[in-house]
Q: 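Got a structure for you, questions after.
What you see is a predicted model, and the numbers here were worked out from it, not measured in a lab. Residue numbers begin at 1 in each chain, while the letters A, B, ... track the order of the sequences.
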Protein chains: 2
Amino acid sequence: MSQGNIDVPVQVTEIDPEKLDVCTVLEVINRISGKWAIGILLEAIRGPVRFTELERSVEGISRRMLTLTLRNLERDGLLVRTIYPTVPPRVEYEATAMAKELYQSLNGLLGWAQQHRDDIAAARVAYDAAS
Amino acid sequence: MSQGNIDVPVQVTEIDPEKLDVCTVLEVINRISGKWAIGILLEAIRGPVRFTELERSVEGISRRMLTLTLRNLERDGLLVRTIYPTVPPRVEYEATAMAKELYQSLNGLLGWAQQHRDDIAAARVAYDAAS
DNA sequence: CCGCATCCCGGTCGATACTG
DNA sequence: CAGTATCGACCGGGATGCGG
């Protein structure tokens with residue numbers, strides 16, 4: 001497995017597998033899936049950002065996808081879009097409280113990902129070799 | 001198999017918000033996104049399941065997608081496939097420890113989803129009305 | 001600076017039919 | 001029972017170009 005971390009037995013009592021609402025989880029997953037949403041969200045959580053800043057900081061994103069993803073996030077109430085009627089125009093995107101909570105909730109998943117990244121890679125190699 | 005407690009060894013890690021690795025998160029997201037993965041995983045976590053059982057319990061899934069998703073989950077080391085050479089053939093899928101930990105990590109997200117479901121719905125209505 | 005419109009391609013998924 | 005095979009629709013997303 002991974003590093004020398006402490007193994008702690010944890011009892012999962014909060015949510016019963018039989019009652020976990022698949023649809024509800026799927027809604028979240030689908031909301032933050034897509035190639036760019038998380039990256040944008042992360043930037044916006046660190047503080048208000050402008051369109052062009054995002055275009056630079058979110059590696060590889062196109063103008064089109066930036067616009068589309070921003071609109072969707074705004075629509076879901078995860079981002080607030082503020083237009084300053086200056087010349088040249090200035091638009092800022094800021095994460096809502098809801099988005100920041102979402103980010104917190106993502107930490108659990110991230111931890112899992114980091115711990116098992118190598119395991120998964122190994123599993124794939126083994127699987128592909130066996131087939 | 002219907003007690004709500006699962007003992008899962010979990011490694012405790014602290015994550016620096018500023019350093020959250022977008023790619024790593026995306027890997028997880030993409031692994032469990034898709035229409036069926038979570039539903040299948042959930043069933044398998046409750047105990048070993050057979051192909052046809054899944055076909056019935058995962059609402060709306062086709063044979064094809066069930067097979068494909070099972071293969072991917074197996075390849076990633078989240079499911080173990082066991083063939084019993086009986087007649088008729090019998091195949092069981094069981095969640096690995098890694099998958100059970102993943103499930104536990106999903107709890108955070110689920111909480112968020114349940115908490116903000118209405119907020120998001122409201123945000124969408126407001127957005128669509130405004131546009 | 002900020003964004004929309006158009007075209008197009010590749011992957012995902014459903015429907016349907018066939019098999020060891 | 002537990003899959004495979006094939007075909008086609010759909011859609012996310014890249015490239016490019018225009019507009020306020």
Q: Write down the distance between CD1 (A/Ile29) and C1' (C/dT12), rounded to a whole number of angstrom.
A: 18 Å
Q: Can you tell me the distance, in whole Å, between the CE atom of B/Met65 and the P atom of D/dA5?
A: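 So the CE-P distance, B/Met65 to D/dA5, works out to 16 Å.
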Q: Please report, rounded to the nearest Å, how far the P atom of C/dG14 is from the CD atom of B/Glu59.
A: 13 Å
Q: Between A/Pro88 and B/Pro89, which has a closest nucleotide on DNA chain C that is more 5'?
A: A/Pro88
Q: Are B/Tyr84 and B/Val91 packed together at the side-chain level, in the sense that at least one heavy-atom pair is separated by less than 4.5 angstrom?
A: no
Q: Between B/Glu53 (side chain) and B/Arg50 (backbone), is there a donor-acceptor pair under 3.5 Å?
A: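 Side chain of B/Glu53 to backbone of B/Arg50, a donor-acceptor pair under 3.5 Å: yes, one is there.
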Q: Between B/Ser131 and B/Asp128 (side chain of the first, backbone of the second, donor and acceptor by atom type, cut-off under 3.5 Å), is there such a pair?
A: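 A pair under 3.5 Å: yes.
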Q: Find the distance A/Ile61:CD1 to D/dA15:P and express it as a whole number of Å.
A: 12 Å
Q: Should B/Arg50 be listed as having a side-chain N or O under 4.0 Å from OP1 or OP2 of D/dC1?
A: no
Q: Do B/Thr96 and B/Leu79 come within less than 4.5 Å of each other through their side chains, counting heavy atoms only?
A: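 No - every pair of side-chain heavy atoms lies 4.5 Å or more apart.
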Q: Please determine, for the side chain of B/Arg81, which listed nucleotide (C/dG3, D/dG14, D/dA2) has the closest atom?
A: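 Among C/dG3, D/dG14, D/dA2, the one nearest the side chain of B/Arg81 is D/dA2.
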Q: What integer distance in Å separates B/Phe51:CZ from C/dT19:C1'?
A: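 Going from B/Phe51 (CZ) to C/dT19 (C1'), I get 13 Å.
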Q: Compare side-chain N and O positions of B/Ser62 against OP1 and OP2 of C/dA15 and report whether any pair is under 4.0 Å apart.
A: no
Q: Taking OP1 and OP2 of C/dC2, is either one under 4.0 Å from a side-chain nitrogen or oxygen of A/Tyr93?
A: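 So the side-chain polar atoms of A/Tyr93 never come under 4.0 Å of the phosphate oxygens OP1 or OP2 of C/dC2.
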Q: Among the candidates D/dG3, C/dT6, C/dG14, find the nucleotide nearest to the side-chain atoms of B/Arg64.
A: C/dG14
Q: Quick check for you: among C/dG20, C/dG3, D/dT4, whose closest atom lies nearest to any side-chain atom of B/Arg63?
A: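 Looking only at side-chain atoms, B/Arg63 lies closest to D/dT4.
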Q: If you find the nucleotide of DNA chain D closest to A/Gly60 and the one closest to B/Leu70, which residue's nucleotide is nearer the 5' end?
A: B/Leu70
Q: Calculate the interatomic distance between A/Leu66 atom CG and D/dA15 atom P; express it in whole Å.
A: 15 Å
Q: Considering the options A/Thr69, A/Val49, A/Ile45, which one meets the side-chain contact (heavy atoms from CB on, under 4.5 Å) requirement together with A/Ile40?
A: A/Thr69
Q: Take atom CD of A/Glu55 and atom C1' of C/dG3, then tell me their distance rounded to the nearest Å.
A: 10 Å
Q: Could you say whether B/Thr52 or A/Leu68 is positioned toward the 5' end of DNA chain D, judged by the nucleotide with the nearest heavy atom to each?
A: B/Thr52
Q: Roughly, in whole Å, what's the span from NZ in B/Lys35 to C1' in D/dC11?
A: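 My rounded result for the distance is 13 Å.
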Q: Within the structure shown, what part of the strands sits under 4.0 Å from A/Thr67 by heavy-atom distance: base, sugar-phosphate, or nothing?
A: sugar-phosphate
Q: Base, sugar-phosphate, or nothing: which does B/Tyr84 touch, judged by heavy atoms less than 4.0 Å apart?
A: nothing
Q: Within the pair B/Arg56 and D/dC1, is there a side-chain N or O less than 4.0 Å away from OP1 or OP2?
A: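 False: B/Arg56 side-chain N/O out of range (4.0 Å or more) of D/dC1 OP1/OP2.
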